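Reviewing the structure listed below.
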Amino acid sequence: MLYYLFQYLDKILDVPGTGVFQYITFRSALALMLSLLLSTIYGKRIISFLQRQQVGETVRELGLAGQNEKAGTPTMGGLIIIFATLVPVVLFAKLHNIYIVLLIVTTLWMGTIGFIDDYIKIFKKDKEGLKGIFKVFGQVGLGLIVGTVLYFSPAVTVRTDTAKSDIFKTPTENVIVQAPVEEKSTATTIPFFKNNEFDYAELLAWTGEGYEKWAWLIFIPVVIFIITAVSNGANLTDGIDGLAAGTSAVSVLALGIFTFVSGNIIFSNYLNIMYIPNSGEMTVFIAAFVGALIGFLWYNSYPASVFMGDTGSLTIGGIIAVLAIAVRKEMLIPLLCGIFLVENFSVVLQVSYFKYTKKRFGEGRRIFLMSPLHHHYQKKGYHESKIVTRFWIVAIMLAILSIVTLKLR
């Protein structure tokens, strides 16, 4: 909202200094600072409200050190993250930007699913929460919305030939320089490869001429799969104090670098990467989101005063997935969100191996002492603060390696 006010003051009334609101970097800095303040200052009030409503965590006996002490700790702390993210976004972002609209919808949509799940667990005394099938329906629904908008909206375009153009060179006499053309495309980026654009439509090339118009049959299911997988991965990672919030902040910060350079024609030209018009505005959302996650850690670091619950974890996963898809970096998710992937994979391996050995030997066997993976290390006697810190370090290493793919090909 303030963006439009200052735009009016600058363009219509010509008030000195108001033009600074046109810069993404300035608005991102404001969004980061405000989200930090909101999450740390008002976070305490939200926690107090949750305590008054007796929104306490019910802890299942898993034989983990320090587990019983956490009983009664307020959950639904994801409300802090959502609140501290959306307020700065509404104030400082361009609300007509298609990517900002999608991210706001994603935040509210996944936040609602997570809230319903937490509500059922706490107030209906059902430890299973929202049935898995309904969670999946919600994730698929969001995937349909995001995939359809990204594919069909005329506001979503790319330029893949900026580095081959001469738009930044001074044209010689009598030479007309043609700027690259924005186009609708389902192209994405393959990390570590030169000429690394891959178009999902190419998977339908075997069908013959005109195959491009059917690319949505591939693109939308891919979007659905990514959103479902990443949101579930974030949900599984939320198991010990500060783990999900900290690792997510690192991944989102890396995505912020991708959105900034991909949305800037000068940087995209220099780095020889795909230019995505208007995507740079997502940097404002990311700044607010990172600030909210870091501010949430003020209360969620060990020993936690509040848990994010599914309200927070599902929202975090959904936002990261949509950001990666929008900036055409979804193939980097296994690397960038490696913590989510390993946590998810550890559960799949554990369950599959247990079922296989029970069927073959009559007794189920386990690969890990407990899954997800962070519980395995807890069972081995590591303090959860040490586990979280080491997972953060791994997340930072993965984020750096992801950023390096801008030039390492």
Side-chain angles (χ1 to χ4, degrees), residues 20-32 89 92-94 97-100 102-103 150 155-169 179-183 185-199 226 248-291 293 319-338 395-409:
V20 71
F21 257 74
Q22 301 300 314
Y23 296 102
I24 290 175
T25 49
F26 179 76
R27 289 184 286 117
S28 297
L30 291 179
L32 176 63
V89 167
F92 302 123
K94 296 179 182 178
N97 181 282
I98 188 65
Y99 298 107
I100 295 296
L102 278 179
L103 288 169
L150 290 178
V156 179
T157 57
V158 299
R159 297 182 187 177
T160 59
D161 57 348
T162 51
K164 301 175 185 177
S165 70
D166 296 322
I167 59 174
F168 299 109
K169 297 179 182 179
V181 178
E182 296 179 14
E183 59 183 0
S185 174
T186 52
T188 189
T189 304
I190 305 176
F192 300 111
F193 285 89
K194 288 187 177 181
N195 303 318
N196 59 347
E197 282 82 19
F198 168 75
D199 196 333
I226 292 171
S248 298
V250 173
S251 299
V252 174
L253 191 58
L255 283 170
I257 294 174
F258 286 122
T259 58
F260 184 72
V261 298
S262 297
N264 186 297
I265 195 167
I266 297 175
F267 288 124
S268 59
N269 178 78
Y270 172 73
L271 294 169
N272 190 18
I273 62 175
M274 186 187 304
Y275 169 57
I276 309 173
N278 304 314
S279 66
E281 192 65 22
M282 288 189 289
T283 310
V284 180
F285 184 98
I286 289 172
F289 190 41
V290 169
L293 289 170
I319 290 173
I320 290 176
V322 173
L323 283 170
I325 295 166
V327 81
R328 315 293 171 120
K329 292 293 184 292
E330 64 269 25
M331 290 191 181
L332 261 180
I333 288 177
L335 177 63
L336 179 61
C337 300
I396 292 170
M397 293 170 61
L398 294 175
I400 293 172
L401 186 56
S402 299
I403 294 168
V404 168
T405 61
L406 287 170
K407 291 299 289 183
L408 185 61
R409 305 178 204 162

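Residue numbers count from 1 along this sequence. This one's a predicted model, so the numbers in the text were calculated from it and none came from an experiment.
Judged by the 6.0 Å distance and 45° axis criteria, Lys407 is positioned over the aromatic ring of Tyr270.
For residues 254-267, no pair satisfies salt bridge (Lys or Arg N to Asp or Glu O under 4.0 Å), with sequence neighbours left out. Within the structure, the salt bridge (Lys or Arg N to Asp or Glu O under 4.0 Å) test picks out no pair touching residues 249-278 (sequence neighbours left out). For residues 320-334, the set of pairs meeting the side-chain hydrogen bond (donor to acceptor under 3.5 Å, both in side chains) definition, not counting sequence neighbours, comprises Thr188-Glu330, Tyr200-Glu330. Pairs of residues two or more places apart, or lying in two chains, that qualify as salt bridge (Lys or Arg N to Asp or Glu O under 4.0 Å) and include a residue from residues 261-284 are Arg27-Glu281.
Legend: residues meeting side-chain contact (heavy atoms from CB on, under 4.5 Å) with Pro334, ordered by chain and number and at least two apart, are Leu341. By the side chain to side chain donor-acceptor pair (under 3.5 Å) test, Thr189 is found to be paired with no residue, residues two or more places apart in sequence or in another chain being considered. When the side-chain contact (heavy atoms from CB on, under 4.5 Å) test is applied to Ala29, no partner is found at least two apart in sequence or on another chain. Under the side chain to side chain donor-acceptor pair (under 3.5 Å) criterion, Thr25 pairs with no residue, sequence neighbours left out. The side chain to side chain donor-acceptor pair (under 3.5 Å) search around Thr259 returns Thr283, not counting sequence neighbours. Among residues two or more places apart in sequence or in another chain, the ring pair (Phe, Tyr, Trp, His ring centres under 6.0 Å) test is passed with Phe26 by Phe21. Annotation: side-chain contact (heavy atoms from CB on, under 4.5 Å) contacts of Val250 (sequence neighbours excluded): Ala395, Ile396, Ala399. With sequence neighbours left out, the side chain to side chain donor-acceptor pair (under 3.5 Å) criterion links Asn264 to no other residue.
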**Report entry** Thr405 and Leu332: CA distance, side-chain angles, deciding distance, side chain to side chain contact (heavy atoms under 4.5 Å, CB included) verdict
**Finding:** CA-CA 9 Å; Thr405 61; Leu332 261 180; 3.7 Å; yes

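The main-chain N or O of Leu336 is found under 3.5 Å from a side-chain atom of Ser251 such that the two form a donor-acceptor pair. A distance-only check finds a donor-acceptor pair linking the side chain of Asn97 to the backbone of Asn278 [under 3.5 Å].
Of all heavy-atom pairs spanning Val290 and Ala249, the tightest one is CG2-O, 4.2 Å.
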